[in-house]
Amino acid sequence: MGLEKRWISAFVIIAVVAITGLFWQHQLPTSQFNEANTINYADVAWLLTASCLVLLMTPGLSFFYGGMVGKKNVISTMLKSFICLGVVSLLWVTVGFSLSFGSPIGINLNGTYYGIIGNPLEFAFFDQVELLPHKALGSSIPFILFALFQMKFAVITPAIITGALAERIRFISFLLFICLFTVCIYAPLCHMIWHPHGLLGSYFGVKDFAGGTVVHMSAGFAALAGVIVLGKRKNSEHIPTNIPFVLLGTGLLWFGWFGFNAGSALAANATAAMAFATTTIASASAMMTWVFFDRLNGRKVSALGACIGAVVGLVVITPSAGFITIPQSIFFGFIGAIVSNKMVNWKKLKQIDDTLDVFACHGVGGIMGMILTAIFAQGENASLLHGGWGVFAHHMMALVLVSVFTFGGAYLLFKVTNKIIPIRVTEESEDLGLDLSQHGEKF
């Protein structure tokens, strides 16, 4: 298929979606919804704010990544994060939300039905997604607000992957991959963990308050798979172009993360306040630990290191933000920063050329967060310290399943994408830089 035909096909797809939306027969809410008088307007106000904060994280991520790459690839790197706001948002409305939170399609275990993925038709084109609250999904806020809040999580997840593939992936191939990733990996993982009858959340008891597993582990393992399929850059020397961009991006991420974590309480309540607190304290702890640990290992104190440490702390605390105490969050940031720092500087991982260390920071950070949550999360039968070894063992089995599913699934999707459209740019394009060769723009 020639280049022009690929873009014609892409335009035809968006045209079909738009025209379908125009003539779609919208379905009204059914009996699974509460009455309008159950809406809590404080919760509505907070979730509207939290949704805005989480949306801001994606532009923040684009600055965070854009400042780290070489000068010839700043715009292309930033755009790959930013474009997810368009691609995933439309995909979420048409089918993604329904796959993630529709009625369970899954398996029967010991007489109980557990979902692997949602019914793709139930909420297609936001059918039934209106003003009334859903009884099981955000019972005090309009269902449309719940759907939009969750959409921001779906948007940023493939955006995280872009850092690993920077400076060598073809733009249109990336668009195809993130569509496949959202439908085939993110949606089922989201359903299995966050739907009330999901396999991992309900059967295995996996605790993931705000997306350590759903977002960061899935993005981290997908990044690792992509790096392996894509191969190393011709010039893998890492010289950040704009450290102030990285500082700005870190600030936007940290600010937005309050919506990410505290918003996941789905209410303006004490749990949201605690998640807000543990989020910022874990990040502060991780930032300082990263800086000091670098110095102990003979590296200079750097703005880049401080920023990476802060983001790692945010990643590690995400699955447990509403389940632990503030003193525990200090330890979460501390140990998470040390492990990720060691992984970032591990020679074998550097050999595969994960451009911006996405797996070492988000993948490993998500794994650490899940393990620590499985040990410390408070609540009856929530963790090793509050339920015993059986609860912890279930978490660890789920960790293995998620790792295999996300890495193996992403590896297969990258191979499929490469068969349809070659995912790597030509050597000439890579030498010229993706800003000019892919987008005709210059930083």
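Here the structure is a predicted model, which is why all the values come from computation and not from measurement.
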How close do [X] and [Y] get, heavy atom to heavy atom, and via which atoms?
{"X": "Ala337", "Y": "Ala286", "answer": "CB-O, 3.6 Å"}
{"X": "Leu175", "Y": "Ile178", "answer": "O-CG1, 3.2 Å"}
{"X": "Leu413", "Y": "Cys184", "answer": "CD1-CB, 4.0 Å"}
{"X": "Trp194", "Y": "Gly211", "answer": "CZ2-N, 3.3 Å"}
{"X": "Leu253", "Y": "Leu61", "answer": "CD2-N, 3.9 Å"}
{"X": "Gly102", "Y": "His191", "answer": "O-CE1, 3.2 Å"}

Less than 4.5 Å apart, any side-chain heavy atom of [X] and any of [Y]?
{"X": "Val246", "Y": "Phe63", "answer": "no"}
{"X": "Thr406", "Y": "Met217", "answer": "no"}
{"X": "Trp92", "Y": "Phe126", "answer": "yes"}
{"X": "Ile169", "Y": "Phe177", "answer": "no"}
{"X": "Val229", "Y": "Ile423", "answer": "yes"}
{"X": "Met370", "Y": "Val206", "answer": "yes"}
{"X": "Val74", "Y": "Asn242", "answer": "no"}
{"X": "Val315", "Y": "Cys361", "answer": "no"}

Phe146 vs Phe101 aromatic rings, parallel, tilted or perpendicular, using cut-offs 30° and 60°? perpendicular

When the ring planes of Phe331 and Phe334 are compared, do they come out parallel, tilted or perpendicular, using 30° and 60° as the limits?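 Answer is tilted, since the angle falls between 30° and 60°.
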
Taking [Y]'s backbone N and O only, do any of them form a donor-acceptor pair with [X]'s side chain (distance below 3.5 Å, no angle check)?
{"X": "Ser383", "Y": "Thr373", "answer": "no"}
{"X": "Tyr113", "Y": "Gly106", "answer": "yes"}
{"X": "Asn261", "Y": "Ala321", "answer": "no"}
{"X": "His395", "Y": "Val391", "answer": "yes"}
{"X": "Thr318", "Y": "Ala210", "answer": "no"}
{"X": "Ser218", "Y": "Val214", "answer": "yes"}
{"X": "Lys152", "Y": "Cys52", "answer": "no"}
{"X": "Thr241", "Y": "Val69", "answer": "yes"}
{"X": "Ser320", "Y": "Phe323", "answer": "no"}
{"X": "Asp208", "Y": "Thr213", "answer": "yes"}

Does a donor on one side chain sit under 3.5 Å from an acceptor on the other, for [X] and [Y]?
{"X": "Thr355", "Y": "Arg168", "answer": "yes"}
{"X": "Ser76", "Y": "Gln438", "answer": "no"}
{"X": "Trp257", "Y": "Thr280", "answer": "no"}

List the steps and the verdict of side-chain contact (heavy atoms from CB on, under 4.5 Å) for Leu385 and Gln378. CA-CA 8 Å; Leu385 298 182; Gln378 298 180 8; over 6 Å; no

Rounded distance (nearest 0.5 Å) linking atom OG of Ser173 with atom CG of Asn418: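 Answer for the OG-CG pair, Ser173 versus Asn418, is 7.5 Å.
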
Reported CG-to-NZ distance for the pair Leu436 and Lys72, which is rounded to 0.5 angstrom: 9.5 Å

Test side-chain contact (heavy atoms from CB on, under 4.5 Å) on Phe171 and Leu434; report intermediate values, then the result. CA-CA 9 Å; Phe171 184 71; Leu434 271 60; over 6 Å; no

Which residues pass the side chain to side chain contact (heavy atoms under 4.5 Å, CB included) test with Ala136, not counting sequence neighbours? His134, Pro196

Residues in side chain to side chain contact (heavy atoms under 4.5 Å, CB included) with Ile75, at least two apart? Asp435, Glu441, Phe443

How about CZ on Phe255, more than 12 heavy atoms from neighbouring residues, nucleotides or ligands closer than 6.0 Å, or not?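 No, CZ of Phe255 has 12 or fewer neighbouring heavy atoms, counting only those of other groups under 6.0 Å.
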
Does atom NE2 (His197) have a neighbourhood of more than 12 heavy atoms from anything else shown, all under 6.0 Å?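 Atom NE2 in His197 is not packed in, count stays at 12 or less.
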
Report the C-alpha separation of Phe260 and Phe153 in whole Å, then their side-chain angles, then the decisive distance to 0.1 Å, and conclude whether the ring-ring contact (aromatic ring centres under 6.0 Å, His included) test is met. CA-CA 8 Å; Phe260 200 83; Phe153 288 73; 4.4 Å; yes

Among pairs that include at least one residue of residues 273-303, which meet ring-ring contact (aromatic ring centres under 6.0 Å, His included), considering only residues two or more places apart or in two chains? Phe258-Phe276

Near-ring test Tyr114/Phe204, centroid separation under 6.0 angstrom: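 Between Phe204 and Tyr114, the centre distance exceeds or equals 6.0 Å.
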
Report the C-alpha distance between Leu266 and Leu47 in whole Å, list the side-chain angles of each, state the deciding distance to 0.1 Å, and finish with yes or no for side-chain contact (heavy atoms from CB on, under 4.5 Å). CA-CA 7 Å; Leu266 297 181; Leu47 263 294; 4.0 Å; yes

With side-chain contact (heavy atoms from CB on, under 4.5 Å) as the criterion, how do Thr417 and Phe181 come out once you've worked through the C-alpha distance, each side chain's angles and the decisive distance to 0.1 Å? CA-CA 10 Å; Thr417 301; Phe181 173 86; over 6 Å; no

Is the closest basic N to carboxylate O distance between Arg233 and Glu430 below 4.0 Å?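 Glu430 and Arg233: not salt-bridged.
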
